[in-house]
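In what follows, chains carry the letters A, B, and so on, assigned in the order in which the sequence lines appear, proteins first and then strands, with residues in each chain numbered from 1.
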Amino acid sequence: MSLHLFNTLTRRREEFVPLDEGRVGMYCCGPTTYADPHIGNMRTFFFADLLHRYLELRGFDVKFVMNLTDVDDKTIRGAIRDGIALGEYTEPFATRLFENFARLGIEGADEYPRATDYIAQMIALIDRLIEGGLAYQAADGSVYFDISEYPGYGKLSKTDPTRARRGARVAADEYDKGDVRDFALWKAAKPEDAKVGAVWETPWGSGRPGWHIECSAMSMSELGETFDIHCGGVDLIFPHHEDEIAQSEGATAKPFARYWLHGEFLQLQGEKMAKSTGNLFTLEDLLERGVKASSIRHTFLTAHYRSKLNFTWQALDASAEAVRRLRACYVRLREHPTSRHARADDTPRLHEVAARSLAAFTRAMDDDLNTSVALSALFELVTETNARLDDLCTIGITEAEAEAARSAFDRIDGVFGLLALAEREQDDPVDQQRLAAWVEQRLVERADARSARDFTRADRIRDELATRGVVVEDTPTGPRWSVQP
RNA sequence: GGUGCCGUAGCCAAGUGGUAAGGCAGAGGUCUGCAAAACCUCGAUUCGGCGGUUCGAAUCCGCCCGGCACCUCCA
């Protein structure tokens, strides 16, 4: 089976075949750097990262580009308000975005083009549109895309451009557009724009770019005029992506992005995330409340990317437990004694289990990144591995069998990134060592007490360890301990 | 008003015509000095409601109820 992805353009699941065999150009609409990203933004970027990782696992050589919109109404407004240059205003938000990526284990893109670095390309693109008769300069000095000259308009969002517009917003429009549906490619400079350095000279006067043209210029500059995948949040389908298609294909007369993928929104406690109601969390907010980044990753994975995800505390708790069990199994596998050969009365079986899980994982991910099902494949591997180690008890597992299971875990985690993140979440090495020395000493005392059948003292030591968050488990090979939050 | 999505066990969530994955929580069991962990077993005779199509529907169609999203710059 091959990878199939749901293409918003056709509203169908399609086999993914890149333009150049083995190579994929992928673009994700990044954030506007005017505020710290919230957890909903992170879901979308997580989704793009997941797609990126899976394409690489599938053997594709991927070039992944995510832009940063560092000039638009909001960034200019913010810079003016703070009395600083545009770049000075936007850069901290970009920095924080990357910090968030690191905390969440999002590997990120190969390139992060900033809109302000691509002004020349935008101007060139707009020039082509004007020459082609698809754009015009209005009395206000701004340049607009002329929808009436572009017949394909509406093909992504399935909107009918001939339908009469309605709504009060039109009246509030402050620009001199020929048609209310026309959108700005270039916005004429306003006096205050210059104060923050948000003005560029062009053949048709000074100003700054419209939002949509930024993405067309950056994506085509980095990936070519036709490329494979364009993704982002569902809210971008209209008008952003619709307009990107119109202006890009209008200028080049070539297909723009071939597959359009859109990630659904995240809801908090069943409600829409909104600043107005305070129903909004950033990654920092969640971490401060003791939520682990690995729990968030797991919660993201439980739902399909095209479904709304109900983000609840209960779901996060459930995820924390699921990740704990996953990691415990992986660690147990790693620490289980090994032997060179299987005993005569033992039949290794994890090779087969690992192969089956991996196949189920791949089948699910091939089906439009069905992470819920892919996750069930991983947990089948967990259950089977634990059962196998239970059976072996103190008997060693052959290195080959252990390796088969371990490599299946590693391969799946190369996409999910749960184990890798959980590993990093362990306490820092220095503290860990100091604690370990203390715990080991207490465990020796407890072992003495137990062999003397002084269970009262043994339990007292265990309780003492528990107050420090150390949980002791007695196993056939001796006590094992771990730190619980 | 237009377009589209969703409603599956206590919670999260797959499944889109062939008789309900998985995770968390819960119950019982094995193991244990007691635990913990792990494993095993159990849980929706049923998929918002009512009709219809079909040999057969959670899956298709209609209506209704409930929730949500987009409709000019919000991931």
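R388(A) has its CZ atom 17 Å from the C1' atom of C40(B), to the nearest Å. In this entry the distance linking CG of N100(A) with C1' of A75(B) reads 13 Å, nearest Å. Atom P of nucleotide C39(B) and atom CG of L381(A) are separated by 12 Å, given to the nearest angstrom. Between the CG atom of L309(A) and the C1' atom of C11(B) there is a distance of 13 Å, given to the nearest Å. If you measure from atom CZ of R462(A) to atom P of U32(B), you get 15 Å, rounded to the nearest angstrom. At whole-Å resolution of the value, CZ in R480(A) and P in A38(B) are 10 Å apart. Between the CZ atom of R11(A) and the C1' atom of C5(B) there is a distance of 11 Å, given to the nearest Å.
Among the protein residues, D72(A) comes within range of no part of the nucleic acid, since none of its heavy atoms lies under 4.0 Å from any strand. Using a 4.0 Å heavy-atom criterion, one finds that H38(A) contacts the bases of the nucleic acid, with or without backbone contacts as well. Residue-level contact check: L378(A) touches neither bases nor backbone, having no heavy atom under 4.0 Å from any strand. Counting any heavy atom pair closer than 4.0 Å across all strands shown, E380(A) reaches no nucleic acid atom. Within the nucleic acid shown, E321(A) comes within 4.0 Å of sugar-phosphate atoms alone, with no base atom in reach, counting heavy atoms only. At a threshold of 4.0 angstrom between heavy atoms, the contacts of R457(A) with the nucleic acid are absent.
Figure legend: cation-pi geometry between R306(A) and F6(A), with NZ or CZ positioned under 6.0 Å from the six-membered ring centre and within 45° of its axis.
Residue S307(A) has a polar side-chain atom (N or O) positioned under 4.0 Å from OP1 or OP2 of A14(B). For C5(B), the OP1/OP2 oxygens have no side-chain nitrogen or oxygen of R306(A) closer than 4.0 Å.
Under the stacking definition used here (centres under 5.5 Å, planes under 30°), the residue F265(A) qualifies as stacked on the base of A75(B).
For RNA chain B, none of the residues of residues 101-111 of chain A falls under the heavy-atom distance limit of 4.0 Å.
Across the interface with RNA chain B, nearest-nucleotide mapping of T383(A) and A374(A) shows A374(A) to be the residue nearer the 5′ end. Toward the 5′ end of RNA chain B lies the nearest nucleotide of V382(A), the other residue of the pair T32(A) and V382(A) mapping further downstream.
Remark: RNA chain B takes part in the stems B:1-7 with B:65-71, B:10-12 with B:22-24, B:26-30 with B:38-42, B:48-52 with B:60-64, each of 3 or more antiparallel Watson-Crick or G-U pairs, criterion distances under 3.5 Å.
Straight-line distance between the P atoms of C50(B) and C39(B): roughly 39 Å, to the nearest whole Å. Comparing U45(B) with G33(B), their P atoms sit 41 Å apart, to the nearest whole Å. Look at the P atom in both A44(B) and A21(B): the space between them is 11 Å, to the nearest Å. U59(B) and G7(B) have their P atoms separated by 11 Å, with the value rounded to a whole Å. Separating the C1' atom of A27(B) from that of C61(B) is a span of 42 Å, rounded to the nearest Å. Between G29(B) and C34(B), the distance separating the two P atoms is 14 Å to the nearest Å. Separating the P atom of U8(B) from that of G49(B) is a span of 10 Å, rounded to the nearest Å. U41(B) and G4(B) have their C1' atoms separated by 44 Å, given to the nearest Å.
The side chain of N370(A) lies closest to G15(B) when the candidates are A38(B), G15(B), G23(B). Of the candidate nucleotides G23(B), A14(B), G4(B), G23(B) has the atom lying nearest to any side-chain atom of A318(A). Taking only side-chain atoms of N41(A), from C-beta outward, the nucleotide of A75(B), A14(B), A36(B) with the closest atom is A75(B). Distance from the side chain of R324(A) is smallest to A37(B) among A37(B), C34(B), A21(B). Here the nucleotide nearest the side chain of F379(A), chosen from G23(B), C39(B), G33(B), is G23(B). The side chain of F238(A) has C71(B) as its nearest neighbour among C71(B), A38(B), G23(B). In the set A38(B), C73(B), A75(B), the nucleotide with an atom closest to the side chain of D390(A) is A38(B). Of the candidate nucleotides C73(B), A21(B), A75(B), A21(B) has the atom lying nearest to any side-chain atom of V373(A). For K187(A), the listed nucleotide lying nearest its side chain is C73(B); candidates were C24(B), A69(B), C73(B). Nearest nucleotide to the D235(A) side chain, out of C70(B), G23(B), C73(B): C70(B).
Comment: E445(A) engages R442(A) in a salt bridge, judged by a side-chain N to carboxylate O separation of less than 4.0 angstrom. Remark: R332(A) engages D390(A) in a salt bridge, criterion side-chain N to carboxylate O under 4.0 Å. R13(A) and D367(A) are joined by a salt bridge, as a carboxylate oxygen and a charged side-chain nitrogen come within less than 4.0 angstrom of each other. Taking a cutoff of 4.0 Å between a charged side-chain nitrogen and a carboxylate oxygen, R349(A) and D391(A) qualify as a salt bridge. The pair K187(A)-D73(A) counts as a salt bridge, with a side-chain nitrogen and a carboxylate oxygen less than 4.0 angstrom apart. A salt bridge between E242(A) and K155(A) is absent, with no side-chain N of the basic residue lying under 4.0 Å from a carboxylate O of the acidic one. Look at E99(A) and R103(A) and you find no salt bridge, because none of the NZ, NE, NH1 or NH2 atoms lies under 4.0 Å from a carboxylate O. Remark: E401(A) engages R388(A) in a salt bridge, criterion side-chain N to carboxylate O under 4.0 Å.
Counting atom types as modelled, T302(A) pairs no side-chain N or O with a base atom of A13(B) as donor and acceptor under 3.5 Å. The base of C71(B) is not paired with the side chain of K158(A) by any donor and acceptor separated by under 3.5 Å. For G33(B), its base sits under 3.5 Å from the side chain of D459(A) at one donor and acceptor pair at least. Scanning atom types as modelled, no donor and acceptor separated by under 3.5 angstrom connect the side chain of R325(A) and the base of A37(B). For a distance-only test at 3.5 Å, the side chain of R450(A) qualifies as a donor-acceptor partner of the base of G33(B). Donor-acceptor pairing under 3.5 Å, judged by distance alone, is absent between the side chain of N310(A) and the base of C6(B).
Aromatic ring centroids of W186(A) and Y136(A) lie 6.0 Å or more apart. When ring centroids are compared, F98(A) and Y112(A) come within the 6.0 Å threshold. Aromatic ring centroids of H212(A) and H241(A) lie 6.0 Å or more apart.
R11(A) CZ: more than 12 foreign heavy atoms inside a 6.0 Å radius.
A donor-acceptor contact closer than 3.5 angstrom links the side chains of D70(A) and T116(A).
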